[in-house]
Undergrad: 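What follows is a structure written as structure tokens; I'll ask about it next.
None of these values were measured; they are calculated from a predicted model.
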Amino acid sequence: MELVLVGGRILFSSFSNVIQKQLAGFGLHPYLIVVGTYYGLALLALPWVFWLPSGDVSFSFWWNIALASLFDVGGWLLLVLSLSRTDLSIFGPLNAYKVVASMLLALLFLHEVPSLQGLAGVAIIVGGSFLLMPAAKAGTARWQLLWRDKGVQARFASILLFSIGTLFLKGALLASDALTTLIFWCLSGLPMLLLANAVFGQSTLKQGVQELQQHPERVLVVGVTVFVMQYCTLVLLSQMLVAYALALFQMGMLLQVLLGYRIFREPHVIRRLLASLVMIAGSLLVLLT
């Protein structure tokens with residue numbers, strides 16, 4: 001059963017990223033794409049509210065779900081920004097840095113000192129990520145090409161926010177169950193985004209809604225894919241250690257490299273597949289210590 005959930009999580013996560021990248025290609029602002037994503041999630045989640053025992057959950061659940069949603073909304077905004085500015089076949093493998101972020105968070109907040117094997121894994125992940133980029137021009141190293149890329153920077157920031165959000169999702173799961181956590185996570189994001197609309201202005205949102213209405217099928221499919229992906233994630237987190245779940249999720253980067261090549265005609269597919277294999281090896285070295 002776990003392998004089915006892992007496979008579902010990988011497939012639906014990858015396809016949601018493809019559609020979000022396509023929407024970005026149509027010129028939609030990342031904020032509007034994330035609003036459309038959470039709008040679809042809210043439509044799917046709302047009917048479930050009447051069958052859930054929301055009155056029986058503790059304050060701890062509501063606290064954790066609010067914080068998880070806050071960090072995840074920020075993570076989605078940066079994720080879609082990254083998709084709009086960099087190749088899917090670069091974006092996908094960078095997911096291995098989630099392992100590095102988890103190690104740093106454990107060091108800062110849990111005072112867990114990484115082992116030599118863990119540090120070696122981090123070095124392999126970082127080295128493998130440099131292979132994602134083409135050969136550097138004279139005077140410019142590959143690491144500079146990678147870390148100076150605005151899309152890559154947005155991806156790193158989204159990974160950090162999602163990693164923090166996962167900690168609170170785990171807390172919500174401990175106080176409830178996967179379905180209850182999913183439904184209220186889905187419903188929490190849209191109000192937060194609408195409050196944040198003050199930064200962009202009401203006219204921008206009205207115009208953006210009109211732009212979203214030109215792509216109703218894609219918006220609906222994004223909502224469905226993220227809904228199923230998040231359910232698979234939550235069930236796995238409730239049944240497995242976070243480290244093992246993250247290790248299995250790394251396999252998705254190979255699919256995203258292939259989808260980037262097939263759908264968006266992105267170059268350097270062989271090198272990026274090899275880089276992904278190197279980064280997967282580094283991730284496993286860190287997570288399975």
Side-chain angles (χ1 to χ4, degrees), residues 9 12-13 15-17 19-21 23-24 28-50 52 54 57 60-84 98 154-155 157-173 175-202 204-206 208-209 211-213 215-216 218-235 237-238:
R9 199 271 183 193
F12 285 102
S13 175
F15 289 133
S16 69
N17 291 156
I19 300 168
Q20 287 171 327
K21 187 170 180 62
L23 289 170
L28 272 69
H29 192 282
Y31 171 80
L32 297 175
I33 297 172
V34 178
V35 166
T37 300
Y38 273 101
Y39 177 75
L41 288 171
L43 289 179
L44 291 167
L46 193 59
W48 290 91
V49 172
F50 303 101
L52 292 176
S54 58
V57 295
S60 174
F61 170 81
W62 297 114
W63 173 253
N64 279 289
I65 206 70
L67 289 175
S69 297
L70 179 63
F71 283 104
D72 284 351
V73 164
W76 277 110
L77 289 168
L78 289 164
L79 180 148
V80 177
L81 177 63
S82 175
L83 282 170
S84 69
K98 189 174 290 185
R155 181 59 174 144
S158 73
I159 285 171
L160 178 60
L161 292 183
F162 280 132
S163 297
I164 297 172
T166 299
L167 300 177
F168 294 109
L169 275 180
K170 187 69 174 179
L173 283 170
S176 183
D177 57 68
L179 182 59
T180 303
T181 301
L182 171 70
I183 298 308
F184 288 106
W185 177 86
C186 290
L187 293 172
S188 300
L190 188 59
M192 292 182 181
L193 284 163
L194 295 178
L195 287 173
N197 181 54
V199 176
F200 300 96
Q202 188 175 0
T204 302
L205 182 59
K206 288 182 177 179
V209 170
E211 294 176 10
L212 284 172
Q213 289 174 343
H215 311 281
R218 284 185 169 85
V219 172
L220 178 60
V221 172
V222 168
V224 172
T225 53
V226 173
F227 187 90
V228 178
M229 178 271 291
Q230 189 70 353
Y231 179 71
C232 292
T233 302
L234 291 170
V235 173
L237 287 176
S238 66

Undergrad: Looking at every heavy atom in both Met192 and Ala66, which two are closest together, and how far apart are they?
TA: CE-O, 3.4 Å
Undergrad: Do Arg155 and Leu79 come close enough that some side-chain heavy atom pair is under 4.5 Å?
TA: yes
Undergrad: On a heavy-atom basis, which atom in Leu32 and which in Leu212 lie closest, and how many Å separate them?
TA: O-CD1, 3.5 Å
Undergrad: When you look at Phe162 and Asp72, which way does the side chain to side chain contact (heavy atoms under 4.5 Å, CB included) test go after all the steps?
TA: CA-CA 6 Å; Phe162 280 132; Asp72 284 351; 3.4 Å; yes
Undergrad: Please report the interatomic distance CH2(Trp76) to OG(Ser16), rounded to the nearest 0.5 Å.
TA: 5.0 Å
Undergrad: Using the test side chain to side chain contact (heavy atoms under 4.5 Å, CB included), find all partners of Ser188 that sit at least two apart in sequence or belong to another chain.
TA: Ser69
Undergrad: Working to the nearest 0.5 Å, report the span between OG1 of Thr225 and CZ of Arg218.
TA: 12.5 Å
Undergrad: What's the separation between atom CD1 in Ile164 and atom CG in Leu70, rounded to the nearest 0.5 Å?
TA: 10.0 Å
Undergrad: Is Lys98 close to Thr166 at the side-chain level, that is, under 4.5 Å between some pair of heavy atoms?
TA: no
Undergrad: Enumerate, atom names and distances included, each donor-acceptor pair closer than 3.5 Å involving a side-chain atom of residues 38-49, sequence neighbours excluded.
TA:
none

Undergrad: So, do Ile65 and Phe168 sit near enough that their side-chain heavy atoms are less than 4.5 Å apart?
TA: no
Undergrad: Can you tell me how far apart OG (Ser238) and CG (Leu179) are? Round to the nearest 0.5 Å.
TA: 11.0 Å
Undergrad: Any chance you could lay out the side chain to side chain contact (heavy atoms under 4.5 Å, CB included) test for Met229 and Phe15, step after step, and finish with the verdict?
TA: CA-CA 10 Å; Met229 178 271 291; Phe15 289 133; over 6 Å; no
Undergrad: My understanding is that only residues two or more places apart in sequence, or in another chain, count here; which of them pass side chain to side chain contact (heavy atoms under 4.5 Å, CB included) with Leu77?
TA: Tyr31, Val34, Val73, Leu193
Undergrad: Has the side chain of Ser176 got a donor or acceptor atom that lies under 3.5 Å from a matching backbone atom of Leu173?
TA: no
Undergrad: Taking CZ in Phe227 as the centre, count heavy atoms belonging to other residues, nucleotides or ligands within less than 6.0 Å. Is the count above 12?
TA: yes
Undergrad: Contact between Leu190 and Val35 at the side-chain level, heavy atoms closer than 4.5 Å - yes or no?
TA: yes
Undergrad: Would you please test Phe184 and Leu52 for side chain to side chain contact (heavy atoms under 4.5 Å, CB included) and show each step?
TA: CA-CA 10 Å; Phe184 288 106; Leu52 292 176; 4.1 Å; yes
Undergrad: Within the structure provided, determine whether Phe61 and Thr180 are in side-chain contact (heavy-atom separation under 4.5 Å).
TA: yes
Undergrad: Do Leu169 and Gln230 make a side-chain contact, defined as non-hydrogen atoms from C-beta onward lying under 4.5 Å apart?
TA: yes
Undergrad: So, for Gly165 and Ala68, which heavy atoms are closest and what is the spacing to 0.1 Å?
TA: O-CB, 3.7 Å
Undergrad: Tell me the closest heavy-atom pair linking Ala178 and Tyr231, and the distance in Å.
TA: CB-CE1, 4.5 Å
Undergrad: Ala157 and Leu78: which non-hydrogen atoms are nearest, and at how many Å?
TA: CB-CD1, 3.6 Å
Undergrad: To the nearest 0.5 Å, tell me how far Leu220 CG sits from His215 NE2.
TA: 14.5 Å
Undergrad: About how many Å separate NZ of Lys170 and CG of Leu237, when rounded to the nearest 0.5 Å?
TA: 6.0 Å
